[in-house]
Amino acid sequence: MIEVENLHKHFGSKVAVDGVSFTVKKGEVLGFLGPNGAGKSTTMRMVTGFLPPTQGRVTIGGADIEANEIEAKSKIGYLPEAAPLYSDMTVEGFLRFAAEMRRVPANEITAAVNKAIETTFLEPVRHQSVDTLSKGYRHRTCFAQSIIHDPEVLILDEPTDGLDPNQKQEIRQLIRRMGETKAIIFSTHILEEVEASCTRAIIIDRGRVIADGTPAELMAKASNAGIVTLRARGLAGSGIKAELEKLDVVASVETIASDENGITARITPAKGRADKLSTAVFGVCKDKNLSVEELRVEEGRLDLLFREITKTDADK
Amino acid sequence: MDAFITLILEFAIPTLIVSAIFVAILFYVLPREVRTIFKRELKSYFTSPIAYVLFVVFLGISGTLSFFFTGVLEGGEADLFLPYFQYLPWYLVLIAPAVGMRLWSEEQRLGTLELMLTMPLAPWHAILGKFLAAGVVLFAMLVLSFPIVWTMNFLGDPDNGVIMAGFVATFFVALCFLAVTSVISAITRSQLVALLVSVALCLMLWLGGLPHLSELIMNLKGGWLVFWPILKLVNGLGVMPHFTELAKGVLGLRDIVFFLSFITFCLFATSVAIRLKRA
Ligand SMILES: Nc1ncnc2c1ncn2[C@@H]1O[C@H](COP(=O)(O)OP(=O)(O)OP(=O)(O)O)[C@@H](O)[C@H]1O
Ligand SMILES: [Mg+2]
C-alpha cells in the first residue's frame, strides 16, 4: 500500500531525511522509532504529501503522492504530531467538516461521525468547543478525524502522546485491530508500544534507517539477547565455569556467585550463536550430572538496542 | 411610499438576484470541497466576534461619511453622492485586510494547514472557498449599509443607478484588496503582520492610480528615471481609475476584466505562496 523510495528532505543546508526507503503492505503496522529530531515526522509529512520531498518517491496504493495527489491523499488518514484543530468549532462540528472534506457521502456522515466518536471515546465532549478541550481529548479528536473515512492507509505521528494510561492501552489495541485490514505507520517514543501494536518497526537516526525488522528480530539484536543465566549444583563453581568456557557458542561467563558445590552465572553467547546457547549449556549440565536449579534465557530489550545503536549521536 | 418601492425595485431585487446567482453557482457549479470550506470559513467569521466588530466599525464609518454628503444632496445635486463612494475605498484599505488577515495565517498558526493540505482537495478549492467566504462578509457589510441609501432617498431624489454603480465598483475594489490580503496571509502566520502589510499594499494599490502619479511619471527627469519602471507598474496596477469608471455608471468591460484578472492573479499567487511555504 505504502511505498517509499529513497526519500530525502533538505531544509536549507540541513539534511532532515537522508535516503529512507520502506514499504508497508495491507495488514502491516509499521512502528517508527528514533531519537528526537531523527526525521520521523518529516518522513511522515512527505508520505502524506504535506511536504514535497527534495528527492525520492512516495506511492500510496499505486498513486504517486505528487503526480496523482488527490487520488493518493484520498486513501490516507493522518494524525499530525501537533494534533491541530480549528479552535472555533465543536468536536462534532469538526468531525463533520473532516468527514465532508474526506469525501464521506453526505448520507453517511452522521454514522461516520458517531462511529469515530464512539471508537475514540469522545462522547462526553461531543458538543464541547475544541478550544476548551484538555490535551488528551484534543489528541483524540484529531485521531478521530484521521479514521473518520475508514482509510486504507493510516499515518499516525505519536498517536498516544498525552493520553492517560487507559487510553494509551485502548489506542494501542485499536491500532493493532485496525492494522489487520489497513496499512499503518505510527511513530512513538514508547518502546512497549512496538511490541504491543507493530508487526514491524524501523529505527531512524539522523535521517537514515538504522534498523528494520519485526519486534522479535529487533529484540534479538540487543546485546542482552540470548544471555543465559544458570544456577547449577554438583561440582565446584570454578570447574563448571571452566567447562562452560570450553563451549564454542560461549563468548564469556560472568560469575555471579560461586562455591565448592555450585555456581550462578550469566553466560553471554558468541556472536550469532544465541539460539544454540541454552541447549549447549544444558548439555554440559547433563554430561557432568549437575542439577539445574535455574536456566533462563533473556529476551533482548528494545530499549537497550535503541540506546546502543543511537548512542553515537549522544556521544557527539 | 414611493421611495420605498423604488428602493425595493432598484436595490433589494438586484441584491437578491445577485445572491441567488451566487448560491446557485456555489451549489451547482463549484465542487463540494469549495462549498465545505466556504461554509466552515463563513461560520467561523460569525462564531468569533470579528465579523460583528468589523460590521459595527464599517457601518459607523460609512454612516458618518454619508452624513457629510447628505448636505450636498439637500442642495439638490444628487450626482454629488459620488464623493461618498470616492471616500469609501479609503476605509476599505483597512477593512478588507481586517476581514482577510486570518484566512491563511490562522491556518498556519493553528497548524491546521497540515490537515488541510493532506486532505484530498486541490489547493484552489481551499483558496477559492476561503476567498468567497470573506467576500460574502464584505458583501454583507455593503448590504447592511442600506440605511444610508434609504436616507438619501427620503431626503432627496438621487440617481439610484449611480448609487448602485458606486456599490458595484466599491465591491470590486474590496475584492481586490481582499485578494491581496489572501496572498499576504499565506506568507505569514501572524495575523497582525498580515494586516499591516496588506494595508500598506492596498494603500499603494489605491494611490497608485492617482492621476497625479501619472503626471509625475511623465515629468520624471534625470536620475529619477530609474524609478520609472516601478512607478509605471504601480500606476498600471492602480485600481482607482477603474473604480472611478465603474462608479460613474459606465459598466466598462475593460474595468471589469481588470478587476477579475487582478483577483485571479492574486489567488494564483496565494497558491504559489502556500507551495513555497511548504518546500
Ligand atoms: N520546517 C523546517 N525547517 C527547518 N528544519 C526543520 C523543519 N522541520 C523539521 N526540521 C528539522 O528536521 C529534523 C527532523 O525533524 P523531525 O520533526 O522530523 O524529527 P522527529 O524525528 O519527528 O523528532 P521528535 O521525536 O522530536 O518528534 C530536525 O532536526 C528539525 O529541526
Ligand atoms: Mg516528530
Side-chain angles (χ1 to χ4, degrees), chain A residues 9-12 41 44-54 60 63 65 68-90 93-94 96-106 109 129-131 138 141-142 145-146 148-149 151 153 155 157, chain B residues 26-28 30-53 102-130 133-134 137 189 191 271-279:
Chain A
K9 182 73 197 178
H10 300 184
F11 292 110
S41 301
M44 291 176 144
R45 287 186 178 130
M46 289 190 281
V47 173
T48 53
F50 176 61
L51 288 177
T54 310
I60 307 289
I65 196 78
N68 212 339
E69 192 179 11
I70 296 192
E71 192 195 334
K73 285 177 178 173
S74 67
K75 298 183 205 286
I76 303 178
Y78 177 39
L79 168 65
E81 186 169 36
L85 302 168
Y86 289 104
S87 53
D88 49 20
M89 300 178 101
T90 64
F94 175 71
R96 281 187 170 279
F97 168 72
E100 268 182 57
M101 293 296 291
R102 296 293 193 175
R103 303 181 163 184
V104 177
I109 286 181
S129 159
V130 160
D131 223 8
R138 286 184 62 96
T141 306
C142 204
Q145 162 276 138
S146 71
I148 197 140
H149 52 309
V153 171
I155 316 276
D157 203 344
Chain B
L26 192 63
F27 275 85
Y28 296 105
L30 292 173
R32 183 185 176 199
E33 287 80 7
V34 176
R35 200 153 58 238
T36 308
I37 296 209
F38 169 83
K39 274 192 304 191
R40 201 208 77 74
E41 209 63 36
L42 193 62
K43 204 167 157 191
S44 90
Y45 270 112
F46 290 96
T47 46
S48 70
I50 93 162
Y52 304 103
V53 170
R102 55 183 295 286
L103 284 182
W104 290 99
S105 48
E106 176 83 344
E107 204 86 35
Q108 294 176 56
R109 191 181 61 82
L110 293 174
T112 42
L113 192 63
E114 196 167 348
L115 284 182
M116 172 89 68
L117 295 180
T118 51
M119 287 175 169
L121 79 169
W124 73 265
H125 292 155
I127 293 170
L128 187 64
K130 279 169 174 283
V137 171
R189 57 193 291 135
Q191 292 196 24
S271 81
V272 173
I274 294 171
R275 177 159 273 278
L276 288 182
K277 194 86 199 176
R278 283 193 287 161

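All chains are named by letter (A, B, ...) in the order of the sequence lines, taking the proteins before the strands, and each is independently numbered beginning at 1.
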So, the part of B:Thr47 with a heavy atom under 4.5 Å from chain A: the answer is side chain
For A:Arg103 and B:Glu33 the tightest heavy-atom approach is NE-OE2, 3.3 Å
Interface check, chain B: of A:Met89, A:His149, A:Glu69, most non-hydrogen pairs under 4.5 Å belong to A:Met89
Heavy-atom closest pair (B:Leu110 atom, A:Leu85 atom, distance to 0.1 Å) is CD1-O, 3.8 Å
Taken in chain and number order and not counting sequence neighbours, the residues that satisfy ring-ring contact (aromatic ring centres under 6.0 Å, His included) with A:Phe97 are A:Tyr86
Residue from B:His125, B:Arg35, B:Arg275, B:Glu114 scoring the most non-hydrogen pairs under 4.5 Å with chain A is B:Glu114
Quick check against the 3.5 Å criterion: does A:Lys73 have a side-chain atom that pairs as donor or acceptor with the backbone of B:Leu117?
yes
Contacts of B:Lys130 meeting side chain to side chain contact (heavy atoms under 4.5 Å, CB included) (sequence neighbours excluded), chain-then-number -> B:Ile37, B:Glu41, B:Leu103, B:Trp104, B:Glu107, B:Met116
When rounded to the nearest 0.5 Å, the distance separating CZ of A:Arg102 from CG of B:Leu115 is 7.5 Å
Quiz item: Taking side chain as C-beta onward, heavy atoms only, is B:Ser44 less than 4.5 Å from A:Asp88?
Solution: yes
Filtered by a 4.5 Å non-hydrogen cutoff, the part of residues 76-84 of chain A contacting chain B is A:Tyr78, A:Pro80, A:Pro84
Check ion pair A:Glu100-B:Arg40 (N to O, under 4.0 angstrom): no
Whatever's closer than 4.5 Å to a heavy atom in chain A on B:Lys39 counts as side chain
Scanning both residues in full, the closest heavy-atom pair of B:Arg32 with A:Pro105 reads NH2-C, 4.3 Å
By side chain to side chain contact (heavy atoms under 4.5 Å, CB included), A:Arg96 pairs with (sequence neighbours left out) A:Glu92, A:Ile109, A:Thr110, A:Val113
So, the part of A:Glu71 with a heavy atom under 4.5 Å from chain B: the answer is neither
| message | Counting neighbours of NZ on B:Lys277 that are heavy atoms of other residues, nucleotides or ligands and sit closer than 6.0 Å, is the number greater than 12? | response | yes
Bottom line for A:Lys75: the part with an atom under 4.5 Å from chain B's heavy atoms is neither
